[in-house]
Amino acid sequence: MAGLSTSNMLPVEFKRTERLSLSPPLKSYIASQYAEDPDIYIDDFRELESLRGDIMQLDVHPASLNKLLKYWGQLTHLGAKFPIDENHIKICFSWYGSLGKEKDRKLGGKAAVSSFNMGYEKACVLYNVGAMYSQLGIAENRASADGLKRASQYFMQAAGVFQHIQEHASEWQLPSSPDFQPAALTTLINLMLAQAQECFWYKSVVTKMKSVTIARLAVKVAEYYDMAYQNGTSCGGFTDHWLVQMQIKSFHFQAAANFRKSAERLEAGRYGEEIGYLIAAEKFVKKAMESHLWKKASEYVQMDLKSLEATIQQNLARANKDNDIVYMETIPRPELLEPIDGANMVNPLPVPTPQQLGEIVGTPMFAKLVPFSVHQSVSVYQHKKDAVTTVLQNRLNEAAAVATSTLASLNLPASIEALEQPMGLPPALLQHSQEVRSQGGAHSLRDSWETISSLARRDSEILDEAIRQLDEEEREDDELRVQFATRWTRTRSSDLNRSLRDCARVYRNKLEVARKSDETIAGKMEKHMHFIESLSLTREELEASIPSSTAQTTPVSKDPNVQKLKMLINTLNEQSKRRQQVIEEVKRVAAGDDISTALIQATNQKQQVDEEDLFAQSLAKYEAFQGVVEDILREQEQILQEIRASNDQFMAHKQTSTLITHREQALQNLDNAYKAFKEISGNMSEGVKFYTEFQGVLEKFRVNCRDFVVTRRVDRKDAVDGLMRAAASNSNVGNAPPSLPPRHIQPPPQQGQYPAAPQPHYQQHYQQFQQGAPPAGLPPPGAWNPNIPLQYATGGQQPGQQGPGGQVFTGQLYYNPNTPSSMPPPLQPGQGGYMPYGV
């Protein structure tokens, strides 16, 4: 092997993504949640969109690596300020996988995986960082000591990236994707470590280190390749090309280790053991060649192993001859040979934090916004506070309902008022009538009902419009799928809009619950509206509507039971006022209960805050209200018991008549109507507030649906244009496309020198760009015209389509199915041989 040829190492391909705009939903969130003008951060939005655009197409260059790292770092900062997930800010991140079986490697065969979680975006960007490290490692000139060192460093950095993704997969809530399977990530980690260890092994060979050292390095290379192969096989996501290379290289380096160990035994004069290790080496070579995947291995992998086989056989023939004639030592069985301990030189390198990448990442965007962590903590406390105050208010409201229903069941105070004042209007009724008229009476209820009905219709229309947009886009996608059949390989709209559909169902259910509440209010209005209209009359009209009696009745003013009942009812009314006062006080305290100031101050001073302790201290103020509520409930129960007892005695001695009974019923109906008016008015106020606030939520949802549809239609137009161009190209081209330039052939290196590595294709293209002459058919890096769909290769080729000479284009570099990477091939057979075993 004259230098580590590029086809003897595997680069990880980049994941591709779809275009999207991050700004609209973030602007809406700033306006609604931060109560700030989003245009203040217009420069930040422009930079964010630019960073996202920069990672769409990547060159294998450190500058592209920095772009990835900068965007990843800014995403990390962004996550501290914006809750980008399916429950808050909904941005659909779609990425295509980079792994898959050969049948899935054509464009569109790998379906896009989408998620609203920003953790998925971070993981995909970081995955491309690892892919970039792997490709930079392969692009290094590994024919020099410095090149080997840099390549090994890149591979270890790639392993660290994939390990970082694996460790944070649960935290980031990654969707199901072949690239992010635990076994797939473990495969990539071990593969990168194997290639890093291989660089150390190769350096030990060309610098002629001791044979035992080379053997120990080779054993560790084999172990890493074997772990990569085992995990790659179990996850089922890797191509046969990758699997055969990992398996064969595992056997290859086991054989290499035993070969080097035999050399060490020869130097020590242990001739029988020398032969034993050579036999073991030969067995590993045979295992590799007997593999069912051997024929699928690239010619370069086969060439390397055959070179090693020839070297082993040559040495084994010589050793057997010498031992048979001269040494005549016993050849130990393989299981009796001393195991070769591996010497590990590599480890995954940790991913630097955004703070450690300060110069690359730059100043965090949206630095002036209050960190989202503070908003999260405030939201958690708000939830706890609402739970406490809601319990307090509900208990008081339930007590009020019990008191009202108890008096109504006893026909109080109407039964007393009808006897005390057989003619005219009781003072309490006059007061209630005045209050109802001052609040607009029945007319105000009808107006509020019209407002609620209008808001409900509008909310439903907004949701219907959002769903209609999704339906139309999905129908358009289905029609094109029918039109283009198997050529229409875009991810189905029904798969991508599933989360939006789920949101729509949740919103529809909320509207349905609200509709049922409206029906309850309507029922109350229908039941009590006649009497509420009576309360809305003038005094004279109201008095005329109530039956009067001139019959002589027992003077109730002197009845001790009546006096006691009136006193108890007044006490109950006073307690009702007290209940309302406590409710208002709880609301007032809760409205002013804000812990954000303390949290922001601690954040600015970089102090650690024990949130649970802070929450407990802040919630302690509500304990006093709990004692007050208990006292009110206990007192009310006692009062109601006394009212029931006194009413029983009153009813036993009450004298009545038909007119008094009618008057009593009329007064009771009006009292019930007054209470219903108060209840319906409160319910309607809550209804208007709900529909108004929910309308804002639905408007944002409609905007999200519209943005999704716009993005999909832009992508659809690009896809249709690409298919039409491909059809036109196929009909006009009569000859096969020109083949790629011939591979570089170099003379074998002189003994003791590093062989020169072939120049990667992208470096040739880069040099041509610098000279002002871009290579034929390839656009200059970074050039993009928004009016022209993305061009991945000559003639509008897309990743996975055939390029010049039959190569399959990956979206970054030309990829030859017969080689495991998009990098240039090694030396041709016969141009240098397998140097590590020829020295």
Side-chain angles (χ1 to χ4, degrees), residues 21 23-39 83 85-92 116 386 439-476 493 497-529 532 676-713:
S21 178
S23 298
L26 295 182
K27 288 181 178 180
S28 298
Y29 189 82
I30 290 176
S32 61
Q33 300 298 321
Y34 288 92
E36 294 188 34
D37 182 1
D39 289 339
D85 55 40
E86 61 182 353
N87 296 319
H88 299 90
I89 303 175
K90 305 190 74 168
I91 301 175
C92 184
F116 290 105
D386 288 346
Q439 295 182 17
H443 182 70
S444 68
L445 292 184
R446 291 192 179 95
D447 288 345
S448 296
W449 178 251
E450 288 298 324
T451 300
I452 287 177
S453 300
S454 176
L455 289 172
R457 284 194 301 272
R458 181 55 184 156
D459 284 8
S460 183
E461 289 170 358
I462 294 172
L463 182 57
D464 290 342
E465 171 63 17
I467 296 174
R468 185 190 62 78
Q469 293 181 62
L470 296 179
D471 290 341
E472 287 185 0
E473 192 282 325
E474 188 171 328
R475 177 179 54 76
E476 293 167 357
S493 296
N497 66 21
R498 187 175 295 115
S499 295
L500 291 174
R501 296 283 191 184
D502 291 342
C503 281
R505 281 191 289 271
V506 170
Y507 295 153
R508 182 68 74 190
N509 290 338
K510 287 182 179 293
L511 289 178
E512 180 62 20
V513 171
R515 184 189 64 79
K516 292 181 179 179
S517 297
D518 295 343
E519 289 179 352
T520 301
I521 294 175
K524 292 179 182 179
M525 288 181 61
E526 183 178 357
K527 178 180 179 180
H528 297 285
M529 184 56 73
I532 293 174
F677 175 82
K678 299 289 289 184
E679 183 180 358
I680 293 172
S681 296
N683 291 339
M684 285 187 170
S685 296
E686 293 177 1
V688 171
K689 180 181 179 182
F690 165 78
Y691 283 118
T692 302
E693 293 178 351
F694 197 50
Q695 191 170 113
V697 174
L698 293 173
E699 284 286 3
K700 286 194 286 188
F701 176 69
R702 181 172 66 173
V703 169
N704 288 341
C705 292
R706 181 197 64 194
D707 291 344
F708 169 81
V709 169
V710 169
T711 302
R712 288 284 289 173
R713 282 174 174 164

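Shown are D459, I462, L455; of these, the side-chain contact (heavy atoms from CB on, under 4.5 Å) with F694 is made only by D459. Exactly one residue among N87, I91, I89, L500 makes a side-chain contact (heavy atoms from CB on, under 4.5 Å) with F116. That residue is L500.
To the nearest 0.5 Å, the span separating NZ on K689 from CD1 on I452 amounts to 13.5 Å. The line from NZ of K700 to SG of C503 is 12.0 Å long, rounded to the nearest 0.5 Å. Taking OG of S493 as the start and CD of E473 as the end, the distance is 3.5 Å to the nearest 0.5 Å. Note that CG of N497 and CG of L470 are 5.5 Å apart. Values are rounded to the nearest 0.5 Å. Annotation: the span from D707 atom CG to K90 atom NZ amounts to 13.0 Å, rounded to 0.5 Å. In this structure, CD on E86 lies 11.5 Å from CZ on R498, to the nearest 0.5 angstrom.
Of the possible donor and acceptor atoms, none in the side chain of S460 sits under 3.5 Å from a partner among the backbone N and O of A456.
Scored by the side-chain hydrogen bond (donor to acceptor under 3.5 Å, both in side chains) test, N704 finds no partners at all (sequence neighbours excluded). Remark: R515 engages E512, E519 in a salt bridge (Lys or Arg N to Asp or Glu O under 4.0 Å) (not counting sequence neighbours). Every salt bridge (Lys or Arg N to Asp or Glu O under 4.0 Å) that R501 has, sequence neighbours left out, goes to D471, E474. By the side-chain hydrogen bond (donor to acceptor under 3.5 Å, both in side chains) test, E472 pairs with R468, sequence neighbours left out. In this view, A504 and L463, I467, F701 satisfy the side chain to side chain contact (heavy atoms under 4.5 Å, CB included) rule, not counting sequence neighbours.
Environment of NZ in K510: sparse, with no more than 12 heavy atoms of neighbouring residues, nucleotides or ligands closer than 6.0 Å.
Across every non-hydrogen atom of C705 and Q469, the tightest pair is C-OE1, 4.2 Å. The nearest pair of heavy atoms linking P38 to K27 is CG-O, 3.2 Å.
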Would you check, one step at a time, whether the test side-chain contact (heavy atoms from CB on, under 4.5 Å) holds for K516 with T520?
CA-CA 6 Å; K516 292 181 179 179; T520 301; 5.7 Å; no
Working note: R458 + E461, criterion salt bridge (Lys or Arg N to Asp or Glu O under 4.0 Å); need CA distance, chi angles, decisive distance, verdict.
CA-CA 5 Å; R458 181 55 184 156; E461 289 170 358; 3.6 Å; yes
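Inter-residue side-chain proximity for T451 and Y691 is flagged as unmet; no heavy-atom pair is nearer than 4.5 Å. The side-chain heavy atoms of S453 and R457, taken from C-beta on, include a pair separated by under 4.5 Å.
Pairs engaging residues 443-470 under the ring-ring contact (aromatic ring centres under 6.0 Å, His included) rule: none recorded [sequence neighbours left out].
Using a 4.0 Å cut-off between charged side-chain N and carboxylate O, E699 and R702 make a salt bridge.
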